[in-house]
Amino acid sequence: MDTPAVVQQTCADAGHTSPAISLTGISKHFAGAGGEPLEVLKDINLTIAEHTIVGLLGASGSGKSTLLNIISGIVKPDRGRVCICGAASEEFNDWRAVSYMFQEDRLLPWRTAIRNVEFGLEAGSMPKAERTRRTHEALQLVDLNSFEDAFPYQLSGGMRSRVALARSLVTEPRILLMDEPFSRLDAQTRVLMHQELLRIHQLKPMTIVFVTHDVEEAVVLADQVAVMSPRPGTIREVVDIALARPRDPTLPEVTSYIQRLRALI
């Protein structure tokens with residue numbers, strides 16, 4: 001079976017009112033164990049406004065991470081259109097404006113915290129003074145400026161996540177993509193990282209898209225939650241979380257959203 005060709009179209013409305021991310025008709029296949037095509041995503045349509053926090057929620061295997069990788073440009077869709085900041089992804093030329101925080105912190109063990117954060121800027125031609133300024137600012141933003149000379153083995157899991165977050169923020173992105181970045185943390189540290197992310201979003205408004213299978217995390221963090229169906233993944237429903245922050249998961253109005261999302265998965 002032939003893989004469908006990528007549909008390349010120009011995104012409409014490249015002005016300031018364009019959404020941060022627009023996905024139209026996104027489909028993706030991978031080769032299955034026997035070589036037959038395995039449909040992972042089917043006809044995904046999703047629009048994400050600037051400065052919002054959107055959760056991609058679904059069971060394992062629903063294609064959440066694949067969709068995030070398509071948004072980032074790491075994976076190409078078989079069919080459909082991806083628009084980033086008002087431009088077709090094929091024409092978008094400011095990928096430094098899009099940052100990706102992986103599930104693992106991926107810190108380099110031979111580099112200190114400050115050198116790990118600076119690593120995100122070394123590929124370009126940015127002057128050393130500017131790299132240093134941004135690196136110090138990113139570490140200060142995650143409240144780790146006093147640990148800049150510590151190596152990863154000297155840091156707790158939560159602190160390592162903060163370094164990874166600082167590395168994602170050092171490019172001053174307009175869009176931050178996060179693939180279950182806090183799933184490996186204990187419950188208490190995860191709550192602290194949720195608070196940290198929301199605090200940073202208030203200070204530095206950006207569009208955040210994060211993958212999660214944790215319903216409570218989705219409700220606590222997101223402005224909108226896109227609930228994905230089992231494979232092939234489709235958008236079953238986009239739920240607006242119309243609650244002020246902070247959101248205590250024990251409160252009835254928060255619990256109501258948690259129950260609603262669980263019923264959709």
Side-chain angles (χ1 to χ4, degrees), residues 21 53-57 64-75 95-124 126 130-214 216-218 220-222:
I21 301 165
I53 303 177
V54 174
L56 300 179
L57 177 68
K64 304 183 299 295
S65 294
T66 298
L67 186 58
L68 201 72
N69 287 336
I70 286 174
I71 294 171
S72 73
I74 294 174
V75 171
W95 285 104
R96 193 176 286 273
V98 181
S99 193
Y100 200 126
M101 184 174 174
F102 295 92
Q103 187 172 0
E104 310 86 11
D105 59 55
R106 301 193 180 190
L107 300 184
L108 301 175
W110 59 88
R111 284 184 170 232
T112 60
I114 193 168
R115 295 282 289 145
N116 264 288
V117 174
E118 189 178 17
F119 182 74
L121 298 174
E122 290 177 355
M126 184 177 294
E130 177 64 10
R131 292 207 311 265
T132 300
R133 182 194 69 79
R134 287 199 185 191
T135 303
H136 282 290
E137 182 178 298
L139 279 171
Q140 187 171 14
L141 194 61
V142 300
D143 198 25
L144 274 184
N145 48 307
S146 58
F147 291 89
E148 60 183 31
D149 294 324
F151 287 91
Y153 77 89
Q154 297 173 309
L155 301 173
S156 68
M159 294 169 77
R160 289 173 64 104
S161 290
R162 287 171 187 255
V163 175
L165 180 56
R167 184 179 56 196
S168 299
L169 296 173
V170 75
T171 59
E172 299 180 358
R174 293 174 61 182
I175 297 172
L176 175 60
L177 307 177
M178 311 177 81
D179 190 359
E180 298 195 61
F182 310 133
S183 62
R184 299 191 174 205
L185 301 177
D186 61 83
Q188 183 176 358
T189 305
R190 190 161 58 248
V191 169
L192 293 174
M193 288 304 299
H194 291 167
Q195 295 170 351
E196 189 74 0
L197 182 65
L198 293 173
R199 179 185 67 83
I200 290 169
H201 186 256
Q202 279 192 314
L203 293 172
K204 300 269 188 178
M206 67 190 84
T207 305
I208 298 176
V209 184
F210 69 97
V211 164
T212 186
H213 61 267
D214 185 326
E216 183 178 301
E217 179 174 70
V220 166
L221 291 178

Identify, with sequence neighbours excluded, every residue that meets side-chain contact (heavy atoms from CB on, under 4.5 Å) alongside E148. I114, H136, L139
Restricting to side-chain hydrogen bond (donor to acceptor under 3.5 Å, both in side chains), what partner residues turn up for T132, sequence neighbours left out? none
For R134, salt bridge (charged side-chain N to carboxylate O under 4.0 Å, His left out) partners two or more places apart: E130, E172
Which residues share a side-chain contact (heavy atoms from CB on, under 4.5 Å) with T171, sequence neighbours left out: R96, S99, L121, P173
Non-neighbouring partners of F119 that pass ring pair (Phe, Tyr, Trp, His ring centres under 6.0 Å), sequence neighbours left out: none
With T66 via side-chain contact (heavy atoms from CB on, under 4.5 Å) - residues at least two apart: K28, F30, V40, L41, I70
Tell me every residue that passes side-chain contact (heavy atoms from CB on, under 4.5 Å) with S183, counting only those two or more places apart in sequence or in another chain. Q103, E180
Residues which pass salt bridge (charged side-chain N to carboxylate O under 4.0 Å, His left out) with D105, listed by chain and number, not counting sequence neighbours: R160
For residues 149-186, the ring pair (Phe, Tyr, Trp, His ring centres under 6.0 Å) pairs (sequence neighbours left out) are F182-H194
Checking R162 now: which residues fulfil salt bridge (charged side-chain N to carboxylate O under 4.0 Å, His left out) with it, not counting sequence neighbours? E196
Give every residue pair that meets the salt bridge (Lys or Arg N to Asp or Glu O under 4.0 Å) criterion with at least one member in residues 202-213, sequence neighbours excluded. E137-K204
R115: which residues meet the side-chain hydrogen bond (donor to acceptor under 3.5 Å, both in side chains) condition with it, sequence neighbours left out? E118, E122
